[in-house]
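Just follow the structure's listing: the first ligand is 1, and inside any ligand the first atom is 1. Residues: numbered from 1 along the sequence shown.
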Amino acid sequence: MRFVDIIEKKKIGQALTKDEIHYFIQGYVNGSIPDYQVSALLMAICFQGMNDQEIAWLTEEMLYSGDVIDLSMITGITCDKHSTGGVGDKTSLSLAPMVAACGVHIAKMSGRGLGHTGGTLDKVESIEGFQIALSQEAFIKQVNEIGLAIVGQSKTLVPADKKLYALRDVTATVNSIPLIASSIMSKKLASGADTILLDVKFGEGAFMTTLEDAQALASTMIRIGQHFQKDVRAMISNMNQPLGNAIGNALEVEEAIQTLKGKGPKDFTQLCIEAGSIMLLQAKKAASKEEAEAKLRQVIEDGSAFDKLVEMVKSQHGNINQIYHPELLPKANHVIAIHAKTQGYVKKLHALELGVLAMELGAGRRIKEDIVDPAVGIVLQKKDADYVNEGDVLAYVHTNHSLSDAWIQRFYDTFEFSNEKVDVPNLIYMVLDQESIK
Ligand code: URA
């Protein structure tokens with residue numbers, strides 16, 4: 001087999017065989033196929049796409065390029081959840097304790113943030129002492145004992161994706177549904193859970209900018225799940241404005257804690273309840289969506305969801321005082337209020353730019369090697385459809401440096417106002433499963 005023939009085949013829009021996809025992934029991981037040839041194939045995939053069978057084979061080859069976690073020692077159904085990433089997306093921090101408090105086992109392997117989107121690991125690491133590296137035995141034991149664990153992805157999980165993603169990042173080949181779907185699903189399947197809920201975001205702060213693309217990505221990933229006989233479902237949610245109010249690691253942990261106490265922002269709480277109810281149905285802990293939602297509201301009300309977070313933090317050696325007293329979480333030296341210079345209804349809030357601005361404060365990484373500052377970020381006081389009077393606080397900026405005039409101007413530019421009343425945008429557009437995508 002010659003790799004150049006595989007590139008040629010995809011270039012003219014033909015489907016690759018299982019053997020050809022095997023040859024591609026094996027050869028790339030073992031170093032016998034060079035980056036420049038793989039770049040050419042990736043670009044051809046971006047233009048020509050792949051059919052469902054090719055995508056399933058690609059996922060399978062990537063999945064078995066490294067270790068596959070065996071969670072069979074966990075009793076009952078094990079559930080996982082994945083978000084395609086967004087600004088202010090701290091969902092796992094509230095959702096995992098909520099569903100665990102309802103009796104679902106959550107074995108979650110998370111990643112770090114890059115660019116304008118944050119990663120769950122960076123957020124939990126703003127809790128002093130929190131250990132994200134657990135042995136597989138300790139991970140399984142913790143899930144069996146307390147129902148949840150959030151750990152870092154093992155280095156031996158899907159090496160093909162690590163290499164491919166790094167190459168895609170520098171060859172403008174990230175944005176392709178077959179490549180994104182196989183990348184996400186190979187890692188999720190290798191993480192070993194029985195069910196997977198995908199939160200596929202669309203909008204300007206997300207990988208997919210339109211609802212149609214998000215739906216196509218979600219359907220592709222559900223079909224991959226079907227190939228592996230896994231219960232994979234997806235919700236499509238709006239990322240045109242940040243989720244919740246806080247953007248930045250410790251600030252998001254604090255917001256997640258408030259949400260577990262029933263005092264979180266409305267949009268973020270709604271997303272957690274919606275996601276949680278799908279997970280309860282997947283884990284067969286509720287017979288209907290209504291029952292699932294009632295259970296989730298109950299565990300917030302009676303404090304057991306909050307207690308689950310405390311148990312997890314304790315078990316992973318984090319400082320639980322910071323959970324009981326979030327004011328003990330890392331704090332920035334300055335908290336600067338930014339006041340509105342105009343009045344009107346918020347018509348648009350540019351999530352992507354807000355994510356970039358928070359990253360520039362130190363809340364995220366421009367490049368992988370950057371060190372994240374856990375304390376800094378932005379806490380919005382006004383969001384889409386809110387009415388703003390001149391002088392109102394738009395946001396508090398938590399920073400360890402002074403803010404430049406240019407930064408402040410760019411912050412102002414993230415808000416667009418209208419004199420007309422604006423409708424509150426939808427947060428969750430649809431929920432998809434194997435039935436609904438037929
Ligand atoms: N997240 C992933 O894990 N992979 C992609 O390709 C895009 C987003």
Side-chain angles (χ1 to χ4, degrees), residues 21 24-25 28-29 38-39 41-47 49-50 54-56 58-63 65-66 68-69 80-87 89 91-92 108-122 150-193 196-210 213-225 232 234-237 239 243 351-352 355 364-365 368:
I21 292 172
F24 156 38
I25 296 299
Y28 191 46
V29 172
V38 173
S39 307
L41 179 63
L42 293 172
M43 192 56 86
I45 294 172
C46 283
F47 284 115
M50 282 182 139
E54 289 177 283
I55 298 172
L58 177 59
T59 308
E60 193 168 326
E61 287 300 331
M62 289 171 70
L63 159 63
S65 68
V68 176
I69 311 288
D80 195 359
K81 166 256 161 200
H82 177 81
S83 156
T84 56
V87 178
D89 187 359
T91 308
S92 296
K108 179 130 187 58
M109 292 197 170
S110 292
R112 297 195 179 279
L114 187 62
H116 67 279
T117 60
T120 302
L121 289 189
D122 298 316
I150 296 179
V151 297
Q153 251 168 31
S154 125
K155 292 209 169 28
T156 52
L157 206 79
V158 196
D161 183 64
K162 291 193 177 70
K163 242 185 131 173
L164 278 172
Y165 198 86
L167 188 63
R168 287 167 58 207
D169 211 19
V170 292
T171 54
T173 52
V174 168
N175 240 343
S176 143
I177 288 179
L179 297 178
I180 297 177
S182 54
S183 161
I184 292 175
M185 289 304 290
S186 58
K187 286 175 290 197
K188 287 287 109 182
L189 292 163
S191 304
I196 300 164
L197 170 65
L198 301 162
D199 179 6
V200 180
K201 309 244 177 236
F202 80 93
E204 65 165 62
F207 275 106
M208 297 288 115
T209 46
T210 67
D213 282 348
Q215 201 177 340
L217 175 62
S219 305
T220 303
M221 292 195 285
I222 292 171
R223 281 196 291 273
I224 294 174
V232 177
M235 55 191 220
I236 313 274
S237 65
M239 197 19 84
L243 183 60
L352 174 61
R365 295 181 182 80
K368 272 208 302 264

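The main-chain N or O of Lys81 is found under 3.5 Å from a side-chain atom of Lys108 such that the two form a donor-acceptor pair. At least one donor-acceptor pair closer than 3.5 Å links the side chain of Lys162 to the backbone N or O of Leu157. Of the possible donor and acceptor atoms, none in the side chain of Thr173 sits under 3.5 Å from a partner among the backbone N and O of Met43.
Between the side chains of Asp80 and Ser191, no donor-acceptor pair is found at a separation under 3.5 Å.
Listed by chain and residue number, Tyr28 satisfy the side-chain contact (heavy atoms from CB on, under 4.5 Å) test with Lys163 (two or more places apart in sequence, or in another chain).
Each of Tyr165, Arg168, Ile180, Ser183, Ile184, Lys187, Phe207 has a non-hydrogen atom positioned under 4.0 Å from some atom of ligand 1.
Under the 4.5 Å side-chain criterion, counting only non-hydrogen atoms from C-beta, Val232 is not in contact with Ile224.
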